[in-house]
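Scroll down for the structure; my scribbles are underneath it.
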2 protein chains.
Amino acid sequence: MARTLDTVFSALADPTRRTILSMLLEDDMAVTDVAEPFEMSLAAISKHLGVLTTAGLITQEKHGRVKWCKLDPDAMRDASIWMQGFGQFEAVNLDAFEAFLETQFSDDV
Amino acid sequence: MARTLDTVFSALADPTRRTILSMLLEDDMAVTDVAEPFEMSLAAISKHLGVLTTAGLITQEKHGRVKWCKLDPDAMRDASIWMQGFGQFEAVNLDAFEAFLETQFSDDV
DNA sequence: GGAAACGTCAACCATTTGGTTGAATATCAA
DNA sequence: TTGATATTCAACCAAATGGTTGACGTTTCC
């Protein structure tokens with residue numbers, strides 16, 4: 001999928017989609033169940049899930065007639081890493097920063 | 001300013017605005033200088049800077065006829081913290097990160 | 001087979017977004 | 001005062017976004 005910062009940040013810009021992501025933090029869900037708490041059509045939620053999928057923030061897998069939605073953390077992590085470069089205003093040693101990230105991520109590859 | 005996750009993430013969704021932020025990481029800049037490398041009108045850049053200001057990602061301060069633009073990291077950090085809520089996946093540890101920054105800044109103040 | 005459940009598609013609509021241009025405002029400098 | 005520089009404003013435009021509804025294809029179950 002087009003896991004760019006553009007698609008990730010614009011996916012995260014919508015409150016409905018952020019709520020969906022936090023719901024999926026608890027557990028994987030079917031599309032209909034994701035839609036249930038929202039006061040909007042199933043089609044609208046389906047579109048939101050499409051946006052999240054394109055951004056790489058979730059994956060969808062169809063089993064029978066049910067499509068399961070599942071968080072996919074990689075895209076969010078990429079965006080988060082980009083942001084961490086800014087959290088601190090000045091003069092961060094970028095090489096050291098990347099080395100730091102290495103140590104942080106070294107155990108999950 | 002309306003420093004909500006909505007405004008912050010949608011501000012970050014545009015590549016021009018992200019580039020502007022990384023330019024400001026190096027140094028504070030006047031509006032005209034921010035606009036210089038882009039192939040778009042000054043008015044367009046002025047709008048982008050307005051979006052960044054509304055999101056709380058930068059501040060603008062007028063001195064004479066020049067308006068200086070300066071990174072304001074707080075809003076980005078709020079968004080970053082929201083993302084860390086998905087931290088079961090995210091190996092970056094904020095405490096460790098801050099400790100890292102300590103080491104970065106301890107010798108140049 | 002037929003009905004219900006699951007989900008998407010297509011067409012449509014209103015609003016927002018990202019850009020343009022030209023005029024306007026404010027400040028500096030000669 | 002006159003003119004140049006710095007920035008925004010206002011009107012406009014095309015495209016994208018977020019929602020609707022109704023029809024449609026699948027899968028499940030009796």
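Chain letters run A, B, ... following the sequence lines, proteins first and then strands; every chain starts at 1.
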Can you find a pair of side-chain heavy atoms, one from [X] and one from [Y], that are under 4.5 Å apart?
| X | Y | value |
| --- | --- | --- |
| B/Cys69 | B/Val31 | yes |
| A/Arg77 | A/Ile81 | yes |
| B/Phe9 | A/Val8 | no |
| A/Arg18 | B/Trp82 | yes |

Say whether, by atom type as modelled, one donor and one acceptor occur between the side chain of [X] and the main chain of [Y] under 3.5 angstrom.
| X | Y | value |
| --- | --- | --- |
| A/Arg17 | A/Ala11 | yes |
| B/Thr19 | B/Pro15 | yes |
| B/Thr54 | B/Gly50 | yes |

CA sep, side-chain torsions, deciding dist, call: B/Leu57, B/Val51, side chain to side chain contact (heavy atoms under 4.5 Å, CB included): CA-CA 9 Å; B/Leu57 288 162; B/Val51 171; over 6 Å; no
Measure all distances between protein nitrogen or oxygen atoms and nitrogen or oxygen atoms of nucleotides 28-30 of chain C, and list the pairs falling under 3.5 Å.
none

From [atom1] of [X] over to [atom2] of [N], roughly how many Å is that when rounded to an integer?
| X | N | atom1 | atom2 | answer |
| --- | --- | --- | --- | --- |
| B/Ile58 | D/dT7 | CD1 | C1' | 14 Å |
| B/Asp14 | D/dT17 | CG | P | 12 Å |
| A/His48 | D/dA16 | NE2 | P | 18 Å |
| B/Glu61 | D/dT7 | CD | P | 13 Å |
| A/Asp6 | C/dT17 | CG | P | 15 Å |
| A/Lys62 | C/dC6 | NZ | P | 12 Å |
| A/Leu49 | C/dC6 | CG | C1' | 13 Å |
| A/Leu52 | C/dT8 | CG | P | 12 Å |

Spacing of [atom1] belonging to [X] relative to [atom2] belonging to [Y], to within rounding of 0.5 Å:
| X | Y | atom1 | atom2 | result |
| --- | --- | --- | --- | --- |
| A/Met23 | A/Glu36 | CE | CD | 8.0 Å |
| B/Leu49 | B/Leu24 | CG | CG | 7.5 Å |
| B/Ile58 | B/Lys70 | CD1 | NZ | 11.5 Å |

Rounding to 10 degrees, work out the angle separating the end axes of the helix from C/dG1-D/dC30 to C/dA30-D/dT1 (five pairs an end). 20°
Could you check which residues of residues 36-47 of chain B get a heavy atom under 4.0 Å from DNA chain C? Sort them by number, please.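 Those residues whose heavy atoms fall under 4.0 Å from DNA chain C, taken from residues 36-47 of chain B in numerical order, are B/Met40, B/Ser41, B/Ala43, B/Ala44, B/Lys47.
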Does a side-chain N or O from A/Lys67 land closer than 4.0 Å to OP1 or OP2 of C/dT8, or not? yes
Please figure out whether A/Thr16 or B/Val31 has its closest DNA chain D nucleotide nearer the 5' end.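 Looking at DNA chain D, the more 5' nearest nucleotide goes with B/Val31.
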